[in-house]
Student: 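Attaching a single structure in structure tokens format; questions to follow.
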2 protein chains.
Amino acid sequence: MATVPRIDTRRTLTLRDVSEASGVSEMTVSRVLRNRGDVSTATRDRVLKAAKTLGYVPNKIAGGLASQRVNLVAVIIPSLSNMVFPEVLTGISEVLEDTGLQPVVGVTNYSPEREETVLYEMLSWRPSGVILAGLEHTDAARAMMANAGIPIVEIMDVDGEAVDSVVGISHRRAGMEMAKAIVAAGYRRIGFVGTMMPHDHRARKRMEGFAEGLALAGLRLEDSEFYSGGSALLKGREMTEALLSRRPDLDFIYYSNDMIGAGGLLYCLDKGIDVPSRLGLAGFNGVELLDGLPVKLATMDACRLEVGRRAAEIIAGKGPTGATPGQRIELTPRLEPGETIRAPR
Amino acid sequence: MATVPRIDTRRTLTLRDVSEASGVSEMTVSRVLRNRGDVSTATRDRVLKAAKTLGYVPNKIAGGLASQRVNLVAVIIPSLSNMVFPEVLTGISEVLEDTGLQPVVGVTNYSPEREETVLYEMLSWRPSGVILAGLEHTDAARAMMANAGIPIVEIMDVDGEAVDSVVGISHRRAGMEMAKAIVAAGYRRIGFVGTMMPHDHRARKRMEGFAEGLALAGLRLEDSEFYSGGSALLKGREMTEALLSRRPDLDFIYYSNDMIGAGGLLYCLDKGIDVPSRLGLAGFNGVELLDGLPVKLATMDACRLEVGRRAAEIIAGKGPTGATPGQRIELTPRLEPGETIRAPR
DNA sequence: CCGAAAACCGTTAGCGGTAACATAACGCTT
DNA sequence: AAGCGTTATGTTACCGCTAACGGTTTTCGG
């Protein structure tokens, strides 16, 4: 290990320390460290050297207060254990990377109250923008966002009214498209397996759209199963078994996400159920995991990376406050039929 | 720009606005909002009402500067797409929840330089503590942490020298234990499939410990495959196929994580390879996903939740700076033999 | 060689809170 | 009614940094 520079452990360093060590004013040090304003190369080098040997770390708290600018972007999502959200984050980070903006993540666990709290906390840091999942929020949360005077981007869902900008897909439409594809392929007795979470509005909307799509063909959901908690893969297995034992005549099961869909698929393979002839299956999300399964599950890509990117672009490109009117970007998920839906007849 | 900007009549609110609206001093408002010091119930109510109707959101930037205290804890991890880290985060959040401390996550993508940058950024917000994965850091990063004057907890790995406190398991030992178990079960021709990432030190240490464990029994790794990028499940499949086609005589494969292990397992099931008699398999991490597989993969739990919890406790319980000497907490992962290692003979 | 522009660097005045220290108001005892 | 400990509120002085502006020096065309 290299030797650590000698440091006065008593006090944390300030610009003053660097200024004294390099014989210039604090203002000049500030300019050097921010790369702003004119500073001669000679003094710049001197200052940088001093800052480095002292081990000076700027204080953004003070800087932010003085400049009234904070390079943070609040990102508020329901969960980290659903791989969907880390992927959105990746898209966001990618874009923010070279804008000097930094994402700060908050997690709500699908609780609107928690979301409100997290939002409040985040806003109290006066971020440059907010990206948050969904269009459903408490009134207080809406009010806070409307008054914050910074760009707000609601993501992942466009079925509803946005506070400012919105980037996402229509889950209602996604569900409907899937229903149409299934019907077109000739399936008629259709079941559903989904999450029980009352606050997963996107899953709900997908199911509603799906049911609506079936209705257009004069069909309806024959039966459904809901779960909460536990290993999604395992639950998919169990729910599928439960559903099929109750309704062995089903010829299709639509899952509210790929993970439980994969569980269902593995169950069918296990039991020797003929997929997709005897039983068709489809999930939602287009997760990478599916690539590794023995049979590729039908799914619909939710454009997660793209959603993150576009949202970040809005934040990064937008003027200080309401300069641009709220944008509405609806992406179109594409159906990936995989090998668990038979060809349309 | 020539256009007159639309004047935002709602300047962002300050304590002064609330104080004027409620007819007390700013100081009193501050006391009410922080629940600190004595304030009569009457004025407290008045202030809270005013703050609420105005929609006031405190400014932590200013507050932090004045009080020299910031309720943030920097958490720096390599990735969010490896489910291990979100789980650690869960443990951290659980504990911090009721301490008033708030985690802020930074991601390094396994790059030491990126880690250094992220750390610098984080420290510039003057957090109350830092939790970061691993013991390997750049010299500059080490120096920053040593000088920060706040508790630092390095997590997930104890094989090395810590800056301050450390909570984790010994991956070297984990690898060795697995090797011993495998040897005890009678396997002799053993292969390895792992990641290529040069900076995943924990995976490396596991492999080293594993090799060492084999050596104790006079054995060695017969062959190995490394991958990077892509769907881990799919890669597990492909690597297993590659390895077995090269060395069909192998009777065991050790995977550097559960995800690729699961891929390998699915491959074997597909091909009708007799697991665990003809070929044994084991992964690492104890991920929830495994519960949903047709056959339960042998693995070793990395105590992720517990690691997060203990780390957070150290941060939460610790005095301002170096009050407690650095702690060293080594947890013991337990082997979960599953159904892919045959019984010891 | 002059004068104006550009380059360089310092001074001043906060940013919006809070710690610490007054100060005022209020019981309650004696 | 004076005395005194609480309780409730106000005042003052920063926290560490940067915007805005000012002063001084250098550069350079004419």
Student: Using only side-chain N and O atoms of A/Ser40, determine if any of them is under 4.0 Å from OP1 or OP2 of C/dC9.
Tutor: yes

Student: Just verifying a value: how many Å separate B/Ile76 CD1 and B/Glu115 CD, rounded to the nearest 0.5 Å?
Tutor: 6.5 Å

Student: So does A/Gln68 get a side-chain nitrogen or oxygen closer than 4.0 Å to the phosphate oxygens (OP1/OP2) of C/dG16?
Tutor: yes

Student: Scan B/Arg69 against the nucleic acid and name what it touches under 4.0 Å (heavy atoms): base, sugar-phosphate only, or nothing.
Tutor: sugar-phosphate

Student: Here's a test of your reading of the structure: between B/Leu65 and B/Ser25, which maps to the more 5' nucleotide of DNA chain D?
Tutor: B/Ser25

Student: CG of B/Asp38 versus C1' of D/dT9: gap in Å, rounded?
Tutor: 10 Å

Student: Specify the separation, in whole Å, of atom CZ of A/Arg16 and atom P of C/dG10.
Tutor: 12 Å

Student: Would you say the side chain of B/Arg31 and the base of D/dG10 hold a donor-acceptor pair, judged only by whether the two atoms sit under 3.5 Å apart?
Tutor: yes

Student: On DNA chain C, nearest-nucleotide positions of A/Thr41 versus B/Gly63: which is more 5'?
Tutor: A/Thr41

Student: Ignoring backbone atoms, establish whether B/Ser67 has a side-chain N or O less than 4.0 Å from OP1 or OP2 of C/dG17.
Tutor: no

Student: Ignoring hydrogens and angles, state whether a donor on the side chain of A/Thr108 or A/Ser111 is under 3.5 Å from an acceptor on the partner side chain.
Tutor: no

Student: Mapping B/Gly37 and B/Arg126 to their closest nucleotides on DNA chain D, which lands nearer the 5' end?
Tutor: B/Gly37

